[in-house]
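Below is one structure; the comments refer to it alone.
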Amino acid sequence: MATRSIALRRLLNTRPLASATLRTVSRRSQQSRSISSTMPSQGAVPQPSAGTAGISYPMDHFSLDQPTSTKNFLNNQMVESKTDKWIDVNDPATQQVVTRVPETTSEELKAAVDSAQKAFPEWRNTSIIKRQQIMFNLVHLIRKNMDRLAASITLEQGKTFADAKGDVLRGLQVVESCVNIQSLMGESVEVSTDMDTYTMREPLGVVAAIAPFNFPAMIPLWCLPVAVVTGNCLVLKPSERDPGAAMIIAELAKEAGLPAGVFNIVHGTHKTVDFILDEPRIKAISFVGSDKAGEYIYRRGTANGKRVQANLGAKNHGVLMPDANKNHALNALAGAAFGAAGQRCMALSTLVCVGEAKNWLPDLVERAKALKVTGGFEQGADLGPVISPHAKTRIEGLIQSGVDEGAELMLDGRGYKPDKYPKGNWIAPTILGGVRTDMQCYQQEVFGPVLVCLNVDTLDDAIELINNNKYGNGTAIFTQSGATARRFQKDIEAGQVGINVPIPVPLPLFSFTGNKGSILGDLNFYGKGGVQFYTQLKTVTALWKHEDAVATRANVEMPTHN
């Protein structure tokens with residue numbers, strides 16, 4: 001048993017489930033984190049209030065007076081954990097402790113599932129119209145609290161404030177899509193005279209989500225609205241590196257009218273993950289993160305009879321054709337490679353230059369040099385620090401491996417240190433040219449502000465190179481030829497393709513459709529795939545002969561539904 005625990009700890013010691021140092025800390029006086037909301041009843045759904053004091057974060061890197069402890073969210077209450085093991089969450093720009101996260105106890109983990117299981121019967125029988133009304137409320141509250149959510153992300157994760165707002169917005173779009181979810185919940189056909197066959201999508205029960213550090217708002221919002229609007233109850237484990245956004249979302253979900261027990265949050269590392277994988281009442285698990293952790297979660301979860309959807313690593317290629325719009329392509333590549341310090345599963349971390357396009361690399365270097373690397377709250381910041389000192393060391397090691405294996409270091413971002421933030425986890429934009437596919441910096445997901453550049457002669461060569469890569473999250477091509485774009489989109493083996501679009505993540509009316517080694521499981525996140533993941537089909541065939549109908553008087557009043 002001890003050996004297995006050690007092995008799992010090693011697996012989780014990668015992005016995004018890295019196990020931070022656990023330490024026992026004394027309990028300190030807590031800042032007020034009051035939550036004010038109206039609990040829903042069987043009648044009208046409550047409307048969002050004017051707002052609450054809630055969980056707050058400063059709008060700069062130096063005004064945090066005292067770190068607080070992050071609580072569990074159980075049965076619609078913020079509950080202080082009784083654990084004696086805590087994880088420090090540091091501001092990546094300053095190393096100041098922002099909060100302390102509990103390694104949730106076994107009793108508390110069980111209480112979260114108890115709460116969800118108790119809430120499920122009534123929630124599944126709540127009409128979809130009422131569930132959608134709560135989603136309307138949640139949309140309003142997230143928009144209203146956009147800056148507060150973004151501030152938590154900037155302090156805990158390191159993103160620029162503008163990029164953090166984008167993180168929230170992309171999650172909000174999934175919530176918005178769920179106010180019209182009924183169109184995906186069933187189908188009906190009159191298969192014979194007076195005989196109808198129809199399908200109904202029914203919830204699974206208690207489901208769980210394990211979120212990564214790199215999108216602390218977006219990924220929880222990929223899961224929460226789809227899971228609960230389809231009638232499930234969700235237990236969420238945010239990343240132990242940046243749980244703040246998830247806790248604010250919980251506060252807002254309660255204020256929006258979500259009943260007690262429908263949404264619960266627990267914290268921790270490998271112990272919490274194993275509980276989720278082994279707890280028989282949890283029917284399905286959503287995961288976004290690293291290859292090794294995802295493979296472990298998928299294997300053990302499915303062995304326990306659970307549905308698992310797991311988005312894993314990526315090596316997204318951008319193809320630069322010599323006929324591309326040069327200004328647009330280079331700006332798009334610089335943003336997609338270095339935005340969020342490269343810590344995106346859809347970052348264009350690999351550039352394939354076709355033919356004479358390689359002559360544009362010096363211009364790309366100049367654009368990368370012009371990007372402002374500093375604390376996320378600073379005016380004009382383009383990218384902030386990477387998540388941790390460990391991540392910085394790993395990224396720097398991959399850069400050096402490229403140099404050692406013969407790549408050209410066209411731009412070196414190592415050693416960068418803003419005067420105002422000398423203790424941050426800084427790596428400025430880095431570009432490696434002349435990279436080969438056998439180099440470590442190509443074969444591994446760098447997950448930092450590093451662009452590796454390869455040269456090929458033809459479009460055919462570019463397609464073959466990309467298709468030979470084990471990952472299939474996404475790719476993009478920059479060209480002004482419709483024929484070239486059509487050939488590329490048809491022959492390329494990647495789940496999400498951009499044509500002159502650098503990060504082709506689809507909006508929620510579609511699904512996130514990575515493929516090959518970037519995903520485990522058969523059903524995608526959000527959109528139609530998300531609804532299918534969180535529901536099971538029931539088919540009904542009914543015969544009601546028209547001659548047996550009983551005549552009734554007409555009702556001229558406008559019908560209403562509850």
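In what follows, residues are counted from 1 in the order of the sequence shown. Only this structure's heavy atoms are used, side chains among them; waters, hydrogens and symmetry mates stay out.
A centroid separation of less than 6.0 Å is found between the aromatic rings of Trp222 and Phe512. Between His317 and Tyr442, a ring centre-to-centre spacing shorter than 6.0 Å is recorded.
Both tests do not hold together for Lys420 against Phe62: distance to the six-membered ring centre under 6.0 Å, angle to the ring axis within 45°.
No side-chain N or O of Ser401 forms a donor-acceptor pair with one of Asp404 less than 3.5 Å apart. Side-chain polar atoms of Gln443 and Thr437 form no donor-acceptor pair below 3.5 angstrom. With no hydrogens or angles considered, no side-chain donor-acceptor pair links Glu240 and Thr269 at under 3.5 Å. Checking Thr479 against Asp323 by side-chain atom types alone, a donor-acceptor pair falls below 3.5 Å. Looking at Arg367 and Asn327, their side chains do bring a donor and an acceptor atom within 3.5 Å of each other. Using modelled atom types, one finds a donor on one side chain and an acceptor on the other under 3.5 Å when comparing Gln95 with Asn425. Between the side chains of Tyr57 and Thr154, no donor-acceptor pair of N or O atoms lies under 3.5 Å. No donor-acceptor contact under 3.5 angstrom links the side chains of Asn467 and Glu464, judged on distance only.
Within a 6.0 Å radius of CZ in Phe510, no more than 12 heavy atoms belonging to other residues, nucleotides or ligands are found. Annotation for Asp522: atom CG does not count as buried by contact number, only 12 or fewer foreign heavy atoms lying within 6.0 Å. Shown here is Arg486, whose CZ atom has no more than 12 heavy atoms of other residues, nucleotides or ligands within 6.0 Å. Within a 6.0 Å radius of NZ in Lys326, other residues, nucleotides and ligands contribute more than 12 heavy atoms.
In this structure, the separation between OH on Tyr416 and OG1 on Thr374 is 6.0 Å, given to the nearest 0.5 Å. Remark: Asp274 CG to Tyr296 OH distance equals 3.5 Å, nearest 0.5 Å.
Comment: Asp460 engages Arg487 in a salt bridge, judged by a side-chain N to carboxylate O separation of less than 4.0 angstrom. Using a cut-off of 4.0 Å between Lys/Arg side-chain N and Asp/Glu carboxylate O, Arg100 and Asp88 are scored as salt-bridged. For Glu295 and Lys292, the salt-bridge test fails: no basic side-chain N is under 4.0 Å from an acidic carboxylate O.
For the side-chain contact (heavy atoms from CB on, under 4.5 Å) test with Ile276, the passing option among Ile285, Val207, Ile297 is Ile285; the others fail.
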- Can you check side-chain hydrogen bond (donor to acceptor under 3.5 Å, both in side chains) on Glu445 and Ser349, steps first, answer last? CA-CA 8 Å; Glu445 184 180 21; Ser349 60; over 6 Å; no
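Using cut-offs of 30° and 60° for the angle between ring planes, the Tyr421 and His61 rings count as perpendicular.
Under the side-chain hydrogen bond (donor to acceptor under 3.5 Å, both in side chains) criterion, Asn473 pairs with no residue, sequence neighbours left out.
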